[in-house]
Amino acid sequence: GNSVTQMEGPVTLSEEAFLTINCTYTATGYPSLFWYVQYPGEGLQLLLKATKADDKGSNKGFEATYRKETTSFHLEKGSVQVSDSAVYFCALSDLGTSYDKVIFGPGTSLSVIP
Amino acid sequence: EAQVTQNPRYLITVTGKKLTVTCSQNMNHEYMSWYRQDPGLGLRQIYYSMNVEVTDKGDVPEGYKVSRKEKRNFPLILESPSPNQTSLYFCASRLNGQAGANVLTFGAGSRLTVL
């Protein structure tokens, strides 16, 4: 079945460091791909998405490119801030279901220290 | 403000004592869903509803019930809670079809502890 794999956390970075969180997926067809972010004590919220191969999603300085050849959707940010400390979830829409089920990865916890 | 509201946010209960976690959305979304979040497992879907009076099992429905009598509300019912249902629960909603574009709006979460 379809699935999402993310790098294990927690990840700890110093402020202004470069961030990469790896995400790979297994899917039939051409799913849409997402990154959701969960700030402490809150629900998940959409960070960015890409709906087809080679699309780049971007928001709040974060970017991710839909790479079909490597089945990847890695999240990057050039200079992280303390306020970026959160849990990041990679997800895909499962086209094999009748209602576009969203499948989430296990999440990667990021801590940014001053 | 467009939002999904869950209550209670925190609850400690004992094995076997029935409880209900409420979920309400004010965005006129057709689709609603419940997830549980456990360390290392990410979010797993419990139940979902495509519209009023239409509900279906997700990946981990055992021990849970839901109902969808109104479009805005989607309560999660634990008839006889057990310790393995200790978890963080999220309700989410979206529009159906292309309009929804699979972008879910989540509630703030309900942390449940079953002793």
Side-chain angles (χ1 to χ4, degrees), chain A residues 1-10 21-27 29-52 55 57 59 66 73 86-109, chain B residues 1-7 9-10 21 23-25 29-51 54-61 68 87-111:
Chain A
N2 297 342
S3 65
V4 176
T5 303
Q6 286 180 241
M7 59 187 294
E8 295 290 332
I21 300 178
N22 290 334
C23 171
T24 57
Y25 67 90
T26 301
Y30 299 88
S32 294
L33 301 174
F34 310 85
W35 279 99
Y36 281 83
V37 59
Q38 182 184 25
Y39 296 106
E42 299 182 12
L44 283 72
Q45 56 186 274
L46 181 70
L47 180 59
L48 53 85
K49 69 174 185 176
T51 58
K52 60 184 188 297
D55 266 3
N59 185 25
Y66 189 162
F73 193 54
V87 180
Y88 293 82
F89 292 90
C90 187
L92 63 80
S93 60
D94 188 346
L95 302 181
T97 59
S98 61
Y99 66 99
D100 293 338
K101 177 181 178 179
V102 178
I103 295 174
F104 291 89
T108 301
S109 176
Chain B
E1 180 189 353
Q3 60 185 357
V4 177
T5 303
Q6 297 178 226
N7 281 296
R9 293 289 312 279
Y10 302 92
V21 185
C23 174
S24 180
Q25 51 93 5
H29 285 173
E30 297 101 351
Y31 175 94
M32 298 184 75
S33 181
W34 276 103
Y35 296 87
R36 58 178 290 172
Q37 182 182 10
D38 301 290
L41 298 177
L43 273 74
R44 294 180 292 168
Q45 190 177 48
I46 303 171
Y47 269 95
Y48 66 96
S49 168
M50 294 292 287
N51 216 322
V54 180
T55 62
D56 252 312
K57 296 178 181 179
D59 297 315
V60 288
R68 187 91 182 274
S87 187
L88 179 58
Y89 292 87
F90 288 101
C91 181
S93 71
R94 64 166 168 77
L95 292 169
N96 279 338
Q98 289 296 317
N102 292 317
V103 177
L104 293 162
T105 300
F106 282 83
S110 297
R111 184 167 293 281

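All values derive from a computational prediction rather than experimental measurement. Values below: every heavy atom of this structure, side chains too, minus hydrogens, waters and symmetry copies. Chain A is the first sequence line, chain B the second, and so forth, proteins listed ahead of strands; every chain is numbered from 1.
Only the side chain of Gln37(B) comes within contact range of chain A, with at least one heavy atom under 4.5 Å from a heavy atom of that chain. Only the side chain of Gln38(A) comes within contact range of chain B, judged by heavy atoms closer than 4.5 Å. In this structure, chain A has heavy atoms under 4.5 Å from both the backbone and the side chain of Leu43(B). For chain A, no part of Arg111(B) is nearby; none of its heavy atoms comes within less than 4.5 Å.
Counting only distance, with no hydrogens or angles, the side chain of Gln6(B) and the backbone of Tyr89(B) share a donor-acceptor pair below 3.5 Å.
Contact count versus chain A (heavy atoms, under 4.5 Å) is highest, among Leu41(B), Asp59(B), Leu88(B), Asp38(B), for Asp59(B). With respect to chain B, the highest number of heavy-atom pairs below 4.5 Å among Ile103(A), Leu44(A), Leu46(A) belongs to Leu44(A).
Ring geometry for Trp35(A) against Phe73(A) counts as parallel: the plane angle stays under 30°, on a 0 to 90° scale with 60° as the upper cut.
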task: Take Lys101(A) and Asp56(B), measure what salt bridge (charged side-chain N to carboxylate O under 4.0 Å, His left out) needs, and give me the verdict at the end.
output: CA-CA 12 Å; Lys101(A) 177 181 178 179; Asp56(B) 252 312; over 6 Å; no

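None of Tyr88(A), Phe89(A), Phe104(A) except one satisfies the ring-ring contact (aromatic ring centres under 6.0 Å, His included) rule with Tyr36(A); the exception is Phe104(A).
Taking 4.5 Å as the limit, every side-chain heavy atom of Tyr66(A) sits out of range of all side-chain heavy atoms of Ser32(A).
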